[in-house]
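Reading through the structure tokens given below for one structure.
Heads up: numbering here begins at 1 and tracks the sequence.
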Amino acid sequence: MIQVAINGYGTIGKRVADAVQQQPDMEVLGVAKTRPNFEAETAIDKGFALYAAIEERADQFAEAGLEIAGPVEDLIDDADIVVDATPSGIGAENKTLYEEYETPALYQGGEDADLADTSFNARSNYEDATGADHVRVVSCNTTGLSRVIAPLREAYGVEKVRATLVRRGGDPGQTNRGPINDILPNPVTIPSHHGPDVETIFDDLDIDTLGMKVPATLMHMHSLNVTLEEEVDADEVRELFAEESRLFLIPERMDIDGSGKLKEYAMDAGRPRADIWENCIWEESISTVGSDLYLFQGIHQESDVVPENIDAIRAVLGEADAEASIETTNETLGIGL
Ligand code: NAD
């Protein structure tokens with residue numbers, strides 16, 4: 001069994017921990033947190049060994065009645081791999097810790113690409129991570145874009161991607177985020193940083209992205225225009241996407257008109273935390289005009305990177321090829337709405 005350490009047990013870390021526990025070939029060795037809170041309490045309730053990420057604050061856990069297994073250094077030393085799911089920029093600070101104990105590390109999309117040996121998306125460049133010591137699982141938006149671009153490149157060739165990302169202001173638990181009643185060009189400079197991030201997965205791709213932030217917490221929404229290298233019928237693209245396990249084509253009959261109903265559907269379907277690991281593409285929106293393809297897709301920012309982290313663990317350790325890993329991850333999590 002691959003022993004996985006999770007450093008940073010928040011929105012992404014707690015989901016990755018649960019997903020690791022569901023895999024037949026890996027288990028959570030422990031999770032590290034900086035301070036006691038409800039997530040620390042549920043980690044203990046789930047049976048995860050809890051480690052103190054900051055030694056000076058270890059007493060706070062005891063004061064809150066939470067048993068600590070040791071300092072984060074012990075966890076990193078004993079683990080086969082660490083998933084760093086700390087806030088943006090902290091992963092970079094933690095890199096020396098992982099190097100000191102020679103533990104391979106996965107970082108998240110909030111870190112700079114040059115922190116890692118490679119950026120990672122299972123569908124697009126799984127093999128690049130094999131044997132790497134430092135791998136960055138790209139952000140929720142970049143994951144969502146890469147999953148669509150990879151099959152289009154293979155089937156038709158892609159001349160140019162233009163994407164407008166309507167981004168949620170914050171996650172449901174982020175009471176300090178906004179806007180509350182506004183629509184922000186964000187970043188206001190064009191193109192946004194998302195395009196170059198997608199180019200860390202496809203280095204020869206021509207892509208421009210624009211970003212906005214809106215008062216929403218449930219999901220991001222992408223408006224996508226891809227100029228293909230040939231003229232393609234929209235039905236053909238629908239068939240191509242239907243073959244992709246992490247693309248959910250929302251059928252017209254479901255009457256899902258936005259991210260609210262998508263999340264409601266995820267709850268009704270019994271998804272943990274109402275997570276939606278798949279890109280949600282409105283089937284009716286898939287349209288072509290000559291060689292231009294258009295579509296709308298919803299991206300659940302809190303969860304689409306979770307299966308990617310699981311696949312990255314296997315990729316780094318050379319435990320399975322892309323197809324086998326993706327299949328195991330999909331089956332165990334129940335991916336495929
Ligand atoms: P979060 O704030 O929900 O969770 C981070 C956790 O790390 C918190 O529990 C925090 O207390 C803990 N932490 C802080 N400093 C630490 C340290 N030094 N050592 C150990 N733990 C520490 O953040 P998140 O949303 O889970 O984001 C984590 C990473 O994932 C970021 O790089 C982010 O950009 C990326 N990401 C986030 C989302 C999203 O929508 N939330 C989506 C994709 C990628």
(message) Would Gln297 and His222 count as a side chain to side chain donor-acceptor pair (under 3.5 Å) here? Give the steps.
(response) CA-CA 5 Å; Gln297 66 173 355; His222 294 175; 3.0 Å; yes

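- In terms of the side chain to side chain donor-acceptor pair (under 3.5 Å) criterion, residue partners of Arg168 (sequence neighbours excluded) are, by chain and number, Asp171.
- Residue pairs satisfying the ring pair (Phe, Tyr, Trp, His ring centres under 6.0 Å) criterion with at least one member in residues 109-167, sequence neighbours excluded, are listed as follows: Tyr107-His134, Phe120-Tyr126.
- Counted within 6.0 Å of CG on Asn176, heavy atoms from surrounding residues, nucleotides or ligands total more than 12; the atom is thus considered enclosed.
- Checked against side chain to side chain donor-acceptor pair (under 3.5 Å), Arg153 has the following partners two or more places apart in sequence or in another chain: Asp204.
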(request) For the pair Asn330 and Ser245, evaluate side chain to side chain donor-acceptor pair (under 3.5 Å) and give the outcome as yes or no after the intermediate values. (result) CA-CA 8 Å; Asn330 289 352; Ser245 61; 2.9 Å; yes

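- The environment of CD in Glu327 is sparse: at most 12 heavy-atom neighbours from other residues, nucleotides or ligands sit within 6.0 Å.
- No more than 12 heavy atoms of other residues, nucleotides or ligands shown are found within 6.0 angstrom of CD on Glu252.
- Asp304 is not listed as a side-chain neighbour of Trp277, based on a closest heavy-atom distance of 4.5 Å or more.
- Rounded to the nearest 0.5 angstrom, Thr130 OG1 and Glu319 CD are separated by 10.5 Å.
- Note on residues 1-16: pairs passing side-chain hydrogen bond (donor to acceptor under 3.5 Å, both in side chains), not counting sequence neighbours, are Gln3-Glu27, Asn7-Tyr98, Lys14-Glu39, Arg15-Asp275.
- Note that NE2 of His194 is 6.5 Å distant from OG1 of Thr209, once rounded to the nearest 0.5 Å.
- When the side chains of ILVMFWY residues are joined at heavy-atom separations under 4.5 Å, either directly or via intervening members, Phe48 and Ile6 end up in a single hydrophobic cluster.
- Clustering of Ile, Leu, Val, Met, Phe, Trp and Tyr side chains at separations under 4.5 Å places Met212 together with Val166, Ile183, Val214, Leu218, Met219, Met221, Phe248, Ile250, Met254, Ile256, Leu262, Tyr265, Ile276, Trp282, Phe296, Leu337.
- Scanning for side chain to side chain donor-acceptor pair (under 3.5 Å) contacts around Asp233 gives an empty result, with sequence neighbours left out.
- Contact record, Val305 with Ser139: CG1-C, 3.8 Å, taken as the closest heavy-atom pair.
- Annotation: side chain to side chain donor-acceptor pair (under 3.5 Å) contacts of Arg147 (sequence neighbours excluded): Asn279, Glu308.
- Partners of Met26 according to the side-chain contact (heavy atoms from CB on, under 4.5 Å) rule, which considers only residues two or more places apart in sequence or in another chain, are Ile2, Val4, Val20, Gln23, Ile310, Ile313, Arg314.
- Note: Gln22 CD to Thr328 OG1 = 13.0 Å, rounded to the nearest 0.5 Å.
- A donor-acceptor contact shorter than 3.5 Å links the side chain of Asp321 to the backbone of Ala324.
- Hydrophobic clustering (ILVMFWY, side-chain heavy atoms < 4.5 Å, transitive): Val138 and Leu145 are in one cluster.
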(message) If you apply the rule salt bridge (charged side-chain N to carboxylate O under 4.0 Å, His left out), what do you find for Arg246 with Asp311, and how did you get there?
(response) CA-CA 13 Å; Arg246 292 182 184 169; Asp311 293 329; 2.8 Å; yes

(message) Assess the residue pair Glu278 and Arg271 against the criterion (salt bridge (charged side-chain N to carboxylate O under 4.0 Å, His left out)); give the C-alpha distance rounded to whole Å, side-chain angles, the decisive distance to 0.1 Å, and a yes or no.
(response) CA-CA 12 Å; Glu278 305 88 343; Arg271 286 287 178 98; 2.8 Å; yes

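- Leu249 CG to Glu284 CD: the interatomic distance, rounded to the nearest 0.5 Å, is 11.5 Å.
- Linking Ile, Leu, Val, Met, Phe, Trp and Tyr whenever their side-chain heavy atoms come within less than 4.5 Å leaves Tyr51 and Val28 in two separate clusters.
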(request) With side chain to side chain donor-acceptor pair (under 3.5 Å) as the test, would you mind laying out the steps for Thr86 and Asp84 before giving the verdict? (result) CA-CA 6 Å; Thr86 59; Asp84 185 298; 2.6 Å; yes

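- Between Leu152 and Leu240, the closest side-chain pair of non-hydrogen atoms falls below 4.5 Å.
- Thr200 and Ser119 form a side-chain donor-acceptor contact under 3.5 Å, judged by distance and modelled atom types alone.
- Residues Leu210 and Leu165 fail the side-chain proximity criterion, which asks for heavy atoms closer than 4.5 Å.
- Using a cutoff of 4.0 Å between basic side-chain nitrogens and carboxylate oxygens, Glu243 and Arg238 are not scored as salt-bridged.
- We find that Glu244 and Arg123 are joined by a salt bridge, their nearest charged nitrogen and carboxylate oxygen being less than 4.0 Å apart.
- Side-chain contact of Thr143 with Ser146: a donor-acceptor pair under 3.5 Å is absent, judged by distance alone.
- Minimum interatomic distance between Thr329 and Thr332 (heavy atoms only, all atoms of both residues): O-OG1, 3.1 Å.
- Under the 4.5 Å side-chain criterion, counting only non-hydrogen atoms from C-beta, Leu317 is in contact with Pro104.
- Both Ile281 and Val158 belong to a common hydrophobic cluster when Ile, Leu, Val, Met, Phe, Trp and Tyr are linked at side-chain heavy-atom distances under 4.5 angstrom.
- Between Leu224 and Ala163, the shortest heavy-atom distance links the atoms CD1-CB, 3.4 Å.
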(request) Starting from the C-alpha separation in whole Å, work towards a yes-or-no answer on side-chain contact (heavy atoms from CB on, under 4.5 Å) for Ile149 and Ile207. (result) CA-CA 10 Å; Ile149 292 167; Ile207 176 168; 4.3 Å; yes

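- With contacts defined as side-chain heavy-atom distances shorter than 4.5 Å, the pair His193/Pro187 qualifies.
- Separating the CD1 atom in Ile201 from the OG1 atom in Thr118 is a distance of 6.5 Å, to the nearest 0.5 Å.
- Using a cutoff of 4.0 Å between basic side-chain nitrogens and carboxylate oxygens, Lys160 and Asp206 are scored as salt-bridged.
- Across every non-hydrogen atom of Pro172 and Gln301, the tightest pair is CD-NE2, 4.3 Å.
- With Asn121 contributing its side chain and Ser124 its backbone, the two residues share a donor-acceptor pair below 3.5 Å.
- The side-chain contact (heavy atoms from CB on, under 4.5 Å) check on Asp292 picks up Asn225, Thr227, Tyr294, with sequence neighbours excluded.
- Atom CD of Glu302 and atom CD of Gln174 lie 8.0 Å apart (nearest 0.5 Å).
- Contact detail for Ala53 and Val72: the closest heavy-atom pair is O-CG1, 3.8 Å.
- Linking ILVMFWY residues whenever their side-chain heavy atoms come closer than 4.5 Å, directly or via other members, places Val148 and Val237 in the same cluster.
- In this structure, the side-chain contact (heavy atoms from CB on, under 4.5 Å) partners of Arg35, at least two apart in sequence or on a different chain, are Asn37, Arg57, Gln60.
- For Phe61, the side-chain contact (heavy atoms from CB on, under 4.5 Å) partners at least two apart in sequence or on another chain are Lys33, Pro36, Ala40, Leu50, Ala52, Leu66, Ile68.
- Within the structure, every pair that satisfies the salt bridge (charged side-chain N to carboxylate O under 4.0 Å, His left out) test and touches residues 176-203, not counting sequence neighbours, is listed here: Arg136-Asp197.
- Across all non-hydrogen atoms, the minimal contact from Pro215 to Ile180 is CB-O, 3.3 Å.
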